[in-house]
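Report on the following structure.
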2 protein chains.
Amino acid sequence: MARLSDIIEDFIKSLLKHSEGELQLQRNELAEYFECAPSQINYVLATRFSLDRGYYIESRRGGGGFIRIVQLDLDKDDYLLYLINSRIGKSISEQETKDIVTNIMEKGIISDREAAIIKIGLADKTILMPANLRGTIRANILKAMLVAILRARS
Amino acid sequence: MARLSDIIEDFIKSLLKHSEGELQLQRNELAEYFECAPSQINYVLATRFSLDRGYYIESRRGGGGFIRIVQLDLDKDDYLLYLINSRIGKSISEQETKDIVTNIMEKGIISDREAAIIKIGLADKTILMPANLRGTIRANILKAMLVAILRARS
DNA sequence: ATATAATAAAGGTCAAAGATAGTCAAAATA
DNA sequence: TATTTTGACTATCTTTGACCTTTATTATAT
(Lines give C-alpha, C1' and ligand atoms only; values in the text may rest on other atoms or scores of the structure.)
Protein backbone atom coordinates (compact mmCIF):
# COMPACT_ATOMS: atom_id res chain seq x y z
CA MET A 1 0.00 0.00 0.00
CA ALA A 2 1.49 3.28 -1.07
CA ARG A 3 1.92 5.66 1.77
CA LEU A 4 -0.25 8.73 1.70
CA SER A 5 2.75 10.97 2.28
CA ASP A 6 4.31 9.65 -0.90
CA ILE A 7 1.13 10.26 -2.83
CA ILE A 8 0.96 13.81 -1.60
CA GLU A 9 4.62 14.25 -2.46
CA ASP A 10 4.02 13.10 -6.02
CA PHE A 11 0.97 15.27 -6.34
CA ILE A 12 2.88 18.37 -5.30
CA LYS A 13 5.74 17.51 -7.60
CA SER A 14 3.42 17.16 -10.56
CA LEU A 15 1.92 20.54 -9.76
CA LEU A 16 5.41 22.00 -9.59
CA LYS A 17 6.21 20.62 -13.00
CA HIS A 18 3.35 22.53 -14.47
CA SER A 19 4.20 25.75 -12.75
CA GLU A 20 7.84 26.43 -13.44
CA GLY A 21 9.24 25.47 -10.10
CA GLU A 22 7.09 27.67 -7.92
CA LEU A 23 3.74 26.87 -6.43
CA GLN A 24 1.34 28.30 -3.91
CA LEU A 25 -1.29 26.25 -2.16
CA GLN A 26 -3.52 26.13 0.89
CA ARG A 27 -2.82 23.65 3.58
CA ASN A 28 -6.40 22.96 4.57
CA GLU A 29 -7.54 22.62 1.01
CA LEU A 30 -4.89 20.06 0.25
CA ALA A 31 -5.61 18.18 3.48
CA GLU A 32 -9.27 18.08 2.62
CA TYR A 33 -8.51 16.84 -0.87
CA PHE A 34 -6.51 13.95 0.53
CA GLU A 35 -8.76 13.51 3.54
CA CYS A 36 -5.92 13.72 6.00
CA ALA A 37 -4.97 15.82 9.00
CA PRO A 38 -3.69 19.24 7.99
CA SER A 39 -0.54 18.61 9.93
CA GLN A 40 0.27 15.78 7.59
CA ILE A 41 0.91 18.37 4.94
CA ASN A 42 3.54 19.84 7.22
CA TYR A 43 5.03 16.42 7.63
CA VAL A 44 5.27 15.93 3.89
CA LEU A 45 6.83 19.33 3.45
CA ALA A 46 9.33 18.76 6.22
CA THR A 47 10.41 15.33 5.04
CA ARG A 48 10.11 15.64 1.25
CA PHE A 49 10.55 19.29 0.44
CA SER A 50 13.41 20.20 2.70
CA LEU A 51 16.34 22.42 1.84
CA ASP A 52 18.52 19.37 1.49
CA ARG A 53 16.26 18.15 -1.24
CA GLY A 54 16.35 21.45 -3.01
CA TYR A 55 13.13 23.10 -1.95
CA TYR A 56 12.38 26.19 -0.04
CA ILE A 57 9.09 26.82 1.79
CA GLU A 58 7.48 30.12 2.70
CA SER A 59 4.09 30.52 4.31
CA ARG A 60 1.64 32.90 5.83
CA ARG A 61 -1.14 32.38 8.36
CA GLY A 62 -4.46 34.11 8.82
CA GLY A 63 -7.12 35.02 6.28
CA GLY A 64 -5.79 34.47 2.78
CA GLY A 65 -2.96 32.39 4.17
CA PHE A 66 -0.90 30.09 1.97
CA ILE A 67 2.11 27.84 1.64
CA ARG A 68 4.57 28.52 -1.15
CA ILE A 69 6.94 25.84 -2.36
CA VAL A 70 9.92 26.94 -4.39
CA GLN A 71 12.01 24.45 -6.25
CA LEU A 72 15.59 25.60 -6.34
CA ASP A 73 17.35 25.47 -9.63
CA LEU A 74 19.80 22.74 -8.90
CA ASP A 75 22.84 22.10 -10.93
CA LYS A 76 24.28 18.81 -9.74
CA ASP A 77 27.82 20.01 -9.30
CA ASP A 78 26.94 23.35 -7.92
CA TYR A 79 29.42 24.44 -5.33
CA LEU A 80 26.77 26.20 -3.27
CA LEU A 81 24.78 23.03 -3.14
CA TYR A 82 27.78 21.13 -1.90
CA LEU A 83 28.21 23.70 0.84
CA ILE A 84 24.59 23.49 1.87
CA ASN A 85 24.24 19.75 1.76
CA SER A 86 27.62 18.46 2.78
CA ARG A 87 30.16 20.96 3.89
CA ILE A 88 28.38 23.02 6.48
CA GLY A 89 26.59 20.41 8.51
CA LYS A 90 24.89 20.93 11.85
CA SER A 91 27.40 23.33 13.30
CA ILE A 92 30.21 25.50 12.01
CA SER A 93 32.84 27.80 13.50
CA GLU A 94 33.40 31.46 12.81
CA GLN A 95 36.71 30.77 11.09
CA GLU A 96 35.29 28.11 8.80
CA THR A 97 32.45 30.45 7.93
CA LYS A 98 34.83 33.23 7.04
CA ASP A 99 36.87 30.92 4.87
CA ILE A 100 33.86 29.68 2.99
CA VAL A 101 32.44 33.14 2.49
CA THR A 102 35.76 34.59 1.34
CA ASN A 103 36.09 31.70 -1.03
CA ILE A 104 32.74 32.17 -2.74
CA MET A 105 33.49 35.86 -2.96
CA GLU A 106 36.76 35.15 -4.72
CA LYS A 107 34.92 32.84 -7.06
CA GLY A 108 32.68 35.75 -7.96
CA ILE A 109 29.54 34.13 -6.58
CA ILE A 110 28.89 36.96 -4.14
CA SER A 111 30.03 40.57 -3.93
CA ASP A 112 32.48 42.08 -1.44
CA ARG A 113 29.68 43.73 0.39
CA GLU A 114 27.57 40.60 0.59
CA ALA A 115 30.57 38.80 1.99
CA ALA A 116 31.08 41.51 4.58
CA ILE A 117 27.42 41.42 5.59
CA ILE A 118 27.45 37.67 6.07
CA LYS A 119 30.76 37.54 7.91
CA ILE A 120 29.96 40.27 10.38
CA GLY A 121 26.46 38.88 10.93
CA LEU A 122 27.79 35.45 11.79
CA ALA A 123 30.78 36.46 13.90
CA ASP A 124 31.10 35.06 17.41
CA LYS A 125 30.86 38.62 18.71
CA THR A 126 27.50 39.05 17.03
CA ILE A 127 25.87 35.80 18.05
CA LEU A 128 26.12 36.12 21.80
CA MET A 129 25.16 32.62 22.81
CA PRO A 130 26.87 29.70 24.51
CA ALA A 131 29.47 28.33 22.11
CA ASN A 132 27.64 25.09 21.35
CA LEU A 133 24.46 26.88 20.33
CA ARG A 134 26.37 29.50 18.41
CA GLY A 135 27.77 27.02 15.93
CA THR A 136 24.34 25.55 15.27
CA ILE A 137 22.70 28.89 14.81
CA ARG A 138 25.49 29.97 12.49
CA ALA A 139 25.21 26.83 10.39
CA ASN A 140 21.48 27.24 9.96
CA ILE A 141 21.70 30.88 9.04
CA LEU A 142 24.61 30.38 6.67
CA LYS A 143 22.83 27.59 4.85
CA ALA A 144 19.65 29.64 4.57
CA MET A 145 21.61 32.59 3.19
CA LEU A 146 23.27 30.41 0.60
CA VAL A 147 19.82 29.26 -0.44
CA ALA A 148 18.84 32.89 -0.97
CA ILE A 149 21.88 33.29 -3.19
CA LEU A 150 21.06 30.14 -5.10
CA ARG A 151 17.56 31.36 -5.60
CA ALA A 152 18.50 34.82 -6.68
CA ARG A 153 20.78 33.60 -9.44
CA SER A 154 18.28 32.16 -11.89
CA MET B 1 -9.38 34.54 -1.16
CA ALA B 2 -7.12 37.47 -1.92
CA ARG B 3 -6.82 39.54 1.19
CA LEU B 4 -8.81 42.72 1.11
CA SER B 5 -6.08 44.44 3.09
CA ASP B 6 -3.63 43.73 0.28
CA ILE B 7 -6.02 45.10 -2.29
CA ILE B 8 -6.45 48.28 -0.31
CA GLU B 9 -2.69 48.50 0.13
CA ASP B 10 -2.16 48.26 -3.61
CA PHE B 11 -4.84 50.81 -4.27
CA ILE B 12 -3.26 53.32 -1.94
CA LYS B 13 0.17 52.69 -3.40
CA SER B 14 -1.06 53.33 -6.90
CA LEU B 15 -2.58 56.58 -5.74
CA LEU B 16 0.70 57.50 -4.10
CA LYS B 17 2.57 56.87 -7.31
CA HIS B 18 0.46 59.44 -9.07
CA SER B 19 0.87 62.01 -6.38
CA GLU B 20 4.57 62.30 -5.66
CA GLY B 21 4.70 60.45 -2.40
CA GLU B 22 2.00 62.33 -0.56
CA LEU B 23 -1.67 61.66 -0.46
CA GLN B 24 -4.74 62.73 1.45
CA LEU B 25 -7.88 60.67 1.69
CA GLN B 26 -11.00 60.12 3.75
CA ARG B 27 -11.34 57.01 5.81
CA ASN B 28 -15.08 56.53 5.48
CA GLU B 29 -15.06 57.17 1.78
CA LEU B 30 -12.38 54.54 1.23
CA ALA B 31 -14.17 52.07 3.51
CA GLU B 32 -17.36 52.59 1.61
CA TYR B 33 -15.59 52.11 -1.70
CA PHE B 34 -14.21 48.76 -0.55
CA GLU B 35 -17.33 47.87 1.43
CA CYS B 36 -15.44 47.20 4.61
CA ALA B 37 -15.41 48.41 8.20
CA PRO B 38 -13.77 51.82 8.51
CA SER B 39 -11.42 50.39 11.08
CA GLN B 40 -10.02 48.10 8.43
CA ILE B 41 -8.49 51.17 6.86
CA ASN B 42 -6.68 51.78 10.12
CA TYR B 43 -5.51 48.19 10.07
CA VAL B 44 -4.10 48.58 6.58
CA LEU B 45 -2.36 51.80 7.54
CA ALA B 46 -0.90 50.29 10.69
CA THR B 47 0.37 47.14 9.04
CA ARG B 48 1.27 48.30 5.52
CA PHE B 49 2.14 51.95 5.89
CA SER B 50 4.12 51.84 9.10
CA LEU B 51 7.25 53.81 9.85
CA ASP B 52 9.28 50.66 9.37
CA ARG B 53 7.94 50.47 5.87
CA GLY B 54 8.83 54.07 5.23
CA TYR B 55 5.55 55.90 5.63
CA TYR B 56 4.25 58.50 8.00
CA ILE B 57 0.57 59.06 8.74
CA GLU B 58 -1.14 62.25 9.89
CA SER B 59 -4.83 62.70 10.39
CA ARG B 60 -7.52 64.95 11.61
CA ARG B 61 -11.01 64.24 12.92
CA GLY B 62 -14.22 66.20 12.73
CA GLY B 63 -15.79 67.97 9.78
CA GLY B 64 -13.38 68.06 6.88
CA GLY B 65 -11.27 65.39 8.54
CA PHE B 66 -8.71 63.44 6.56
CA ILE B 67 -5.87 60.98 6.62
CA ARG B 68 -2.59 61.97 5.02
CA ILE B 69 -0.04 59.38 4.00
CA VAL B 70 3.48 60.57 3.42
CA GLN B 71 6.17 58.44 1.89
CA LEU B 72 9.34 59.28 3.77
CA ASP B 73 12.54 60.10 2.05
CA LEU B 74 15.41 59.94 4.49
CA ASP B 75 19.11 60.41 4.41
CA LYS B 76 20.59 56.94 4.04
CA ASP B 77 23.33 57.11 6.64
CA ASP B 78 21.13 58.85 9.17
CA TYR B 79 18.47 56.23 8.73
CA LEU B 80 20.90 53.36 9.13
CA LEU B 81 22.26 54.94 12.29
CA TYR B 82 18.75 55.42 13.61
CA LEU B 83 18.00 51.76 12.97
CA ILE B 84 21.18 50.60 14.66
CA ASN B 85 21.10 52.95 17.62
CA SER B 86 17.43 53.35 18.39
CA ARG B 87 14.96 51.39 16.37
CA ILE B 88 16.12 47.84 16.65
CA GLY B 89 16.92 47.58 20.32
CA LYS B 90 17.43 44.35 22.21
CA SER B 91 14.92 42.23 20.36
CA ILE B 92 12.99 42.40 17.12
CA SER B 93 10.37 40.25 15.39
CA GLU B 94 10.59 38.62 12.00
CA GLN B 95 7.87 40.85 10.59
CA GLU B 96 9.51 44.05 11.77
CA THR B 97 12.79 42.87 10.31
CA LYS B 98 11.18 42.15 6.96
CA ASP B 99 9.52 45.56 6.91
CA ILE B 100 12.75 47.37 7.67
CA VAL B 101 14.83 45.38 5.21
CA THR B 102 12.28 45.75 2.42
CA ASN B 103 12.17 49.44 3.11
CA ILE B 104 15.92 49.98 2.84
CA MET B 105 15.89 47.94 -0.31
CA GLU B 106 13.19 50.12 -1.82
CA LYS B 107 15.22 53.17 -0.85
CA GLY B 108 18.15 51.79 -2.80
CA ILE B 109 20.36 51.31 0.25
CA ILE B 110 20.75 47.59 -0.37
CA SER B 111 20.16 45.36 -3.38
CA ASP B 112 17.34 42.88 -3.90
CA ARG B 113 19.68 40.04 -3.30
CA GLU B 114 21.13 41.50 -0.14
CA ALA B 115 17.60 41.99 1.15
CA ALA B 116 16.76 38.38 0.34
CA ILE B 117 19.89 37.13 2.08
CA ILE B 118 19.14 39.08 5.24
CA LYS B 119 15.45 38.23 5.34
CA ILE B 120 15.88 34.52 4.83
CA GLY B 121 18.79 34.37 7.26
CA LEU B 122 16.79 36.05 10.00
CA ALA B 123 13.48 34.24 9.51
CA ASP B 124 11.92 32.42 12.45
CA LYS B 125 12.29 29.20 10.54
CA THR B 126 16.00 29.72 10.19
CA ILE B 127 16.78 30.68 13.76
CA LEU B 128 15.31 27.70 15.49
CA MET B 129 15.47 28.79 19.09
CA PRO B 130 12.87 29.55 21.74
CA ALA B 131 10.97 32.66 20.70
CA ASN B 132 12.49 34.95 23.32
CA LEU B 133 16.07 34.14 22.33
CA ARG B 134 15.25 34.33 18.65
CA GLY B 135 14.31 37.98 18.83
CA THR B 136 17.51 38.83 20.63
CA ILE B 137 19.72 36.91 18.25
CA ARG B 138 17.97 38.50 15.31
CA ALA B 139 18.39 42.00 16.69
CA ASN B 140 22.11 41.50 17.24
CA ILE B 141 22.72 40.05 13.81
CA LEU B 142 20.59 42.63 12.05
CA LYS B 143 22.39 45.50 13.74
CA ALA B 144 25.76 44.01 12.92
CA MET B 145 24.79 43.62 9.29
CA LEU B 146 23.57 47.18 9.06
CA VAL B 147 26.92 48.28 10.41
CA ALA B 148 28.61 46.36 7.62
CA ILE B 149 26.36 48.14 5.12
CA LEU B 150 27.09 51.51 6.64
CA ARG B 151 30.82 50.84 6.47
CA ALA B 152 30.80 49.47 2.97
CA ARG B 153 29.03 52.43 1.46
CA SER B 154 29.89 56.11 1.50
C1' DA C 1 -22.79 90.32 18.38
C1' DT C 2 -20.85 86.87 21.61
C1' DA C 3 -20.40 83.14 24.42
C1' DT C 4 -22.03 78.71 25.20
C1' DA C 5 -24.35 74.49 24.36
C1' DA C 6 -25.91 70.96 21.29
C1' DT C 7 -25.30 68.36 17.17
C1' DA C 8 -22.99 66.49 13.30
C1' DA C 9 -19.02 64.81 11.08
C1' DA C 10 -15.08 63.02 10.95
C1' DG C 11 -11.29 59.64 12.63
C1' DG C 12 -9.31 56.25 16.69
C1' DT C 13 -9.08 52.12 19.74
C1' DC C 14 -9.57 47.75 21.21
C1' DA C 15 -11.10 43.34 21.73
C1' DA C 16 -13.72 39.52 19.82
C1' DA C 17 -14.51 36.49 16.03
C1' DG C 18 -12.83 34.26 11.98
C1' DA C 19 -9.29 32.21 9.02
C1' DT C 20 -5.16 30.11 8.31
C1' DA C 21 -0.81 27.71 9.30
C1' DG C 22 2.65 25.51 12.91
C1' DT C 23 4.17 22.34 16.69
C1' DC C 24 4.60 18.38 19.24
C1' DA C 25 3.85 14.15 21.03
C1' DA C 26 0.87 10.11 21.20
C1' DA C 27 -0.98 6.45 18.48
C1' DA C 28 -0.87 3.64 14.50
C1' DT C 29 1.55 1.22 11.07
C1' DA C 30 5.22 -0.79 8.32
C1' DT D 1 12.34 0.35 15.62
C1' DA D 2 11.50 3.94 12.28
C1' DT D 3 8.21 6.23 9.83
C1' DT D 4 3.66 7.92 9.25
C1' DT D 5 -0.76 9.59 10.79
C1' DT D 6 -3.63 12.11 13.88
C1' DG D 7 -5.32 15.56 16.90
C1' DA D 8 -5.06 18.81 20.60
C1' DC D 9 -3.09 22.99 21.36
C1' DT D 10 -0.68 27.25 19.75
C1' DA D 11 0.61 31.30 16.88
C1' DT D 12 -0.42 34.69 13.58
C1' DC D 13 -3.03 37.51 10.50
C1' DT D 14 -7.51 39.60 9.02
C1' DT D 15 -12.11 41.36 9.53
C1' DT D 16 -15.77 43.36 12.13
C1' DG D 17 -18.24 46.09 15.41
C1' DA D 18 -19.13 48.54 19.59
C1' DC D 19 -17.65 52.39 21.90
C1' DC D 20 -14.52 56.70 22.32
C1' DT D 21 -12.36 61.30 21.02
C1' DT D 22 -11.72 65.31 18.38
C1' DT D 23 -13.16 69.06 15.42
C1' DA D 24 -16.49 71.86 12.93
C1' DT D 25 -20.94 73.73 12.56
C1' DT D 26 -25.31 75.22 14.11
C1' DA D 27 -28.60 76.70 17.59
C1' DT D 28 -29.58 79.23 21.76
C1' DA D 29 -29.18 82.46 25.44
C1' DT D 30 -27.52 86.84 26.92
Side-chain angles (χ1 to χ4, degrees), chain A residues 1-12 23-53 55-70, chain B residues 1-12 23-50 52-53 56-70 91-99 102 123-135 138:
Chain A
M1 209 56 236
R3 278 166 311 216
L4 180 54
S5 287
D6 290 340
I7 296 170
I8 296 175
E9 174 185 3
D10 291 346
F11 180 76
I12 292 175
L23 165 64
Q24 199 166 299
L25 49 81
Q26 295 206 264
R27 189 182 75 152
N28 289 343
E29 213 172 68
L30 196 58
E32 210 163 306
Y33 181 73
F34 285 105
E35 290 171 315
C36 66
S39 55
Q40 180 151 14
I41 306 302
N42 297 88
Y43 177 73
V44 171
L45 294 175
T47 56
R48 272 79 162 168
F49 295 88
S50 60
L51 269 192
D52 289 352
R53 296 191 182 208
Y55 298 90
Y56 171 65
I57 310 288
E58 290 176 296
S59 68
R60 191 145 165 199
R61 310 184 198 197
F66 61 83
I67 294 175
R68 186 186 351 247
I69 304 167
V70 180
Chain B
M1 201 106 59
R3 281 177 231 95
L4 179 54
S5 288
D6 288 344
I7 295 170
I8 297 175
E9 173 186 1
D10 291 346
F11 180 77
I12 293 175
L23 166 63
Q24 200 165 299
L25 49 81
Q26 294 208 262
R27 188 181 76 152
N28 289 341
E29 211 172 70
L30 197 57
E32 210 162 306
Y33 181 72
F34 285 106
E35 290 171 316
C36 66
S39 55
Q40 181 151 14
I41 306 301
N42 297 86
Y43 176 72
V44 171
L45 294 175
T47 56
R48 319 296 215 258
F49 295 88
S50 61
D52 284 344
R53 291 193 182 203
Y56 174 64
I57 309 290
E58 290 176 295
S59 67
R60 193 148 171 197
R61 311 185 196 195
F66 61 84
I67 293 175
R68 178 179 305 135
I69 304 168
V70 181
S91 177
I92 192 167
S93 73
E94 172 174 357
Q95 188 56 60
E96 290 170 307
T97 301
K98 280 186 179 169
D99 287 350
T102 300
D124 280 352
K125 258 195 344 216
T126 303
I127 309 175
L128 12 85
M129 290 281 126
N132 55 328
L133 283 183
R134 239 183 335 192
R138 181 160 36 227

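The sequence lines fix the lettering, A, B, ..., with proteins before strands; numbering per chain opens at 1.
Within the nucleic acid shown, A:Ile41 has no heavy atom closer than 4.0 Å to any nucleic acid atom. Base engagement by B:Gly63 is indicated by at least one non-hydrogen atom pair under 4.0 Å involving a base atom. At the heavy-atom level, B:Asn28 lies under 4.0 Å from the strands shown only through sugar-phosphate atoms.
Contact annotation: A:Thr47 side-chain N/O to D:dT3 OP1/OP2 distance is not under 4.0 Å. Within the structure, every side-chain polar atom (N or O) of A:Tyr43 is placed at least 4.0 Å from both OP1 and OP2 of D:dT5. In this model, the phosphate group of D:dT15 is approached by a side-chain N or O of B:Ser5 to a distance below 4.0 Å at OP1 or OP2. Taking side-chain N and O atoms only, B:Ser39 has no distance below 4.0 Å to OP1 or OP2 of C:dT13. For B:Arg60, a side-chain nitrogen or oxygen approaches OP1 or OP2 of D:dA24 to under 4.0 Å.
Note that CZ of A:Arg27 is 5.0 Å distant from CG of A:Asn42, once rounded to the nearest 0.5 Å. Interatomic distance, NZ of B:Lys125 versus CD of A:Glu58, reported as 7.0 Å (0.5 Å rounding). Put simply, CD on A:Gln40 and CD on A:Glu35 are 12.0 Å apart, with the number rounded to the nearest 0.5 Å.
When distances run from any side-chain atom of B:Gln26 to the nucleotides D:dT6, D:dC13, C:dG11, the shortest one goes to C:dG11. Side chain of B:Ile67, nearest nucleotide from C:dG11, D:dT23, C:dA21: C:dG11. Closest to the side chain of B:Arg3, out of D:dT23, C:dT13, D:dT15, is D:dT15. The side chain of A:Asn42 has C:dG22 as its nearest neighbour among D:dT4, C:dG22, D:dT15.
A donor and an acceptor atom, one from each side chain of B:Glu32 and B:Asn28, are nowhere located under 3.5 Å apart.
A straight line from CZ of A:Arg68 to C1' of C:dA21 spans 14 Å, rounded to a whole angstrom. When the P atom of D:dT5 is taken as reference, atom CZ of A:Phe34 falls 12 Å away, rounded to whole Å. Atom CD of A:Glu58 and atom P of D:dT12 are 17 Å apart (whole Å). Rounded to an integer number of Å, the gap from A:Arg27 CZ to D:dT12 C1' is 12 Å. Rounded to a whole Å, the CD atom of B:Glu96 is 14 Å from the C1' atom of D:dT12. The separation between B:Ile57 atom CD1 and C:dT13 atom P is 12 Å, rounded to whole Å. For the pair B:Glu32 CD and C:dA9 C1', the computed distance is 14 Å after rounding to whole Å. Whole-Å rounding puts the A:Gln24 CD to C:dT20 C1' distance at 13 Å.
In summary, of the residues considered (B:Val44, B:Leu30, B:Asp6, B:Leu25), a side chain to side chain contact (heavy atoms under 4.5 Å, CB included) with B:Phe11 occurs for B:Leu30 alone.
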A:Ile41 and A:Cys36: CA distance, side-chain angles, deciding distance, side chain to side chain contact (heavy atoms under 4.5 Å, CB included) verdict: CA-CA 8 Å; A:Ile41 306 302; A:Cys36 66; 4.2 Å; yes
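Nearest-nucleotide assignment on DNA chain D puts the 5′-proximal partner with B:Cys36, out of B:Cys36 and B:Arg61. Along DNA chain D, the nucleotide closest to B:Arg48 and the one closest to B:Gly62 are compared, and the more 5′ of them pairs with B:Arg48.
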